[in-house]
Amino acid sequence: MPKVTGPTTVVFDLGGVLVDWDPRHLYRDLFDDPEEMESFLAEVTTAEWNAHQDAGRPWAEAVELLVAEHPERRELIEAFHRRWPEMLAGEIPGTVDVLAELRATGVRLVALSNWSAETFPLARERFDFLAWFEGIVISGDVGVNKPDRRIFEHLIAQFCIEPAAALFIDDSPANVEAASALGFCAIQFTDAIALRLELVRLGLLPDVRAGANEVEVPRR
C-alpha cells in the first residue's frame with residue numbers, strides 16, 4: 001500500500017486571513033454617520049471597483065474614473081488610495097502565531113492574494129511575517145483575480161506545486177471552491193483556533209491538547 005502523507009505545501013491567502021484590511025478602518029474617521037459610510041462603500045467605492053485595482057488597473061486611473069461619476073465625492077474617493085495604509089488594522093488575531101508554528105515544522109509556505117501591485121509594497125514594509133513565505137503571488141502582478149483559475153494555474157507553474165499535495169487557506173468560499181476544483185485540499189478560514197484544529201487534523205501541526213489531561217495532582 002502506498003504511504004499516505006499530508007500536504008507538503010501550504011498556500012495562504014493574506015487579506016482576511018493574516019492581515020486585517022477593511023476600508024471601514026479609515027472611513028469611520030471620515031463619516032459621522034455609519035449608515036452614510038456604508039452607503040458610500042456600497043455605492044461609490046464598491047468592492048467591484050476595488051477589484052479592478054487588484055487585477056492591475058492603476059490607482060490614478062481608478063480614482064479619476066470614479067471622480068468623473070461622483071465629482072462631489074472627490075476627497076473621499078481620493079482617500080481610498082491616498083490614505084490606503086489606514087485601512088490596515090494589523091494582523092488577524094492568532095493567525096500569524098499559527099503561521100509561525102507551521103514555519104517551524106519546515107513545511108513549504110507560499111501565499112496567493114488579491115491585492116493591488118501598487119499598494120502591496122506598503123504591506124511588505126509593515127508586516128515582517130510576509131518574508132516567511134517562499135514566494136507570494138499577487139493578483140495585481142498577474143493581471144487576474146481569484147477565483148479565476150488562471151491565477152491558480154500561475155501559482156502552480158511558478159512554484160511547481162502539485163495541488164493534491166497542497167493545502168489552500170482562504171476566507172472566501174468562492175476562492176476555496178475554485179482551489180478545490182483544481183485538486184487542492186482547500187479550507188475556508190474563519191478564525192485562528194479553527195484553523196489550527198484543521199492543521200492538527202491534517203497532521204501539519206502537533207495536537208497541543210494531547211497531554212492536556214495528564215496534569216499531576218499535588219499530594220496533600
Quick one: are V98 and L205 in side-chain contact, heavy atoms under 4.5 Å? yes

What's the shortest heavy-atom distance between T9 and V107, and which atoms? N-CG2, 4.2 Å

Nearest heavy-atom contact between D29 and H25 is OD2-O, 4.1 Å

Would a 4.5 Å heavy-atom cut-off, applied to side chains only, mark D13 and F189 as touching? no

Please report the interatomic distance CD(Q188) to CG(D170), rounded to the nearest 0.5 Å. 8.5 Å

Test F80 against V63 for side-chain contact (heavy atoms from CB on, under 4.5 Å), laying out the working first. CA-CA 8 Å; F80 204 103; V63 168; over 6 Å; no

Determine, stepwise, if the pair N50 / T45 fulfils side-chain contact (heavy atoms from CB on, under 4.5 Å). CA-CA 7 Å; N50 186 57; T45 54; over 6 Å; no

Residues D97 and R196 bridged, charged N to O under 4.0 Å: no

Taking the side chain as every heavy atom from C-beta outward, state whether D191 and T95 have any atom pair closer than 4.5 Å. no

Side-chain donor-acceptor pair present, E48, H52, cut-off under 3.5 Å: no

Please give me the minimum heavy-atom distance between T190 and A194, naming the atom from each residue. OG1-CB, 3.6 Å

Which heavy atom in A192 sits nearest to a heavy atom in P93, and how many Å separate them? CB-O, 3.5 Å

Any side-chain heavy-atom pair of I92 and V19 under 4.5 Å: no

Running the 4.5 Å side-chain criterion over Ile, Leu, Val, Met, Phe, Trp and Tyr, what cluster does L65 land in, apart from itself? none

Got a second to check how far E43's CD is from E69's CD, nearest 0.5 Å? 12.5 Å

About how many Å separate CD of E101 and CG of L204, when rounded to the nearest 0.5 Å? 11.5 Å

Is the ring pair W59/W49 parallel, tilted or perpendicular, if the boundaries are 30 and 60 degrees? perpendicular

Taking atom CG of D33 as the centre, report whether more than 12 heavy atoms of other residues, nucleotides or ligands fall under 6.0 Å from it. yes

Hey, are the side chains of M87 and D22 touching, using non-hydrogen atoms and a 4.5 Å cut-off? no

Could you check if a side-chain atom of L202 sits within less than 4.5 angstrom of a side-chain atom of C185, using non-hydrogen atoms only? yes

Applying side-chain hydrogen bond (donor to acceptor under 3.5 Å, both in side chains) to N145 and not counting sequence neighbours gives S139

Are V176 and L195 connected in the hydrophobic side-chain network, where two residues link if heavy atoms are under 4.5 Å apart? no

Could you work out, with salt bridge (charged side-chain N to carboxylate O under 4.0 Å, His left out) as the rule, every residue matching R57, not counting sequence neighbours? none

Are any of the side-chain nitrogens in R201 or E198 under 4.0 Å away from the carboxylate oxygens of its partner? yes

Which heavy atom of A179 sits nearest a heavy atom of A186, and at what distance? CB-CB, 4.0 Å

Within the side chain of N114, is there an N or O that forms a donor-acceptor pair under 3.5 Å with the backbone of K146? yes

N-O pairing of R74 and E64 below 4.0 Å: yes

Quick check: does any side chain N or O of Y27 sit under 3.5 Å from a backbone N or O of L76, one acting as donor and the other as acceptor? yes

Do the side chain of T46 and the main chain of A42 share a donor and acceptor less than 3.5 angstrom apart? no

Quick one: do R83 and E78 make a salt bridge, cutoff under 4.0 Å? no

Give a yes or no on whether the backbone of I138 and the side-chain of S113 come within a donor-acceptor separation of less than 3.5 Å. no

Residues that, via side-chain heavy atoms closer than 4.5 angstrom, fall in one hydrophobic cluster with F184: V11, V110, L112, V137, V142, V144, I151, F152, L155, I156, F159, I161, F168, L182

Taking atom CD1 as the centre, does I193 end up with more than 12 heavy-atom neighbours from other residues, nucleotides or ligands that are less than 6.0 angstrom away? no

Flag side-chain contact, heavy atom, 4.5 Å: L88 against R126: yes

Would you say the side chain of E118 lies within less than 4.5 Å of the side chain of Q53, judging by non-hydrogen atoms? no

So, using salt bridge (charged side-chain N to carboxylate O under 4.0 Å, His left out) as the criterion, who are the partners of E38 when residues are at least two apart? R24

Going by the rule salt bridge (charged side-chain N to carboxylate O under 4.0 Å, His left out), which residues pair with R124 if we only count those two or more places apart in sequence or in a different chain? none

Other residues, nucleotides, ligands: >12 heavy atoms within 6.0 Å of E61 CD: yes

Passing option when F120 is tested against W115, W21, W84 for ring-ring contact (aromatic ring centres under 6.0 Å, His included): W115

Atom pair CZ/CG of R108 and L102 - distance to nearest 0.5 Å: 14.5 Å

Note: L18 and F12 closest approach over all heavy atoms is CD1-CD2, 3.8 Å

Gap between atom CD of E153 and atom CD of Q158 - 0.5 Å precision: 14.0 Å

Let me confirm one number: the CG-CD1 distance from L199 to I169, rounded to the nearest 0.5 Å. 5.5 Å

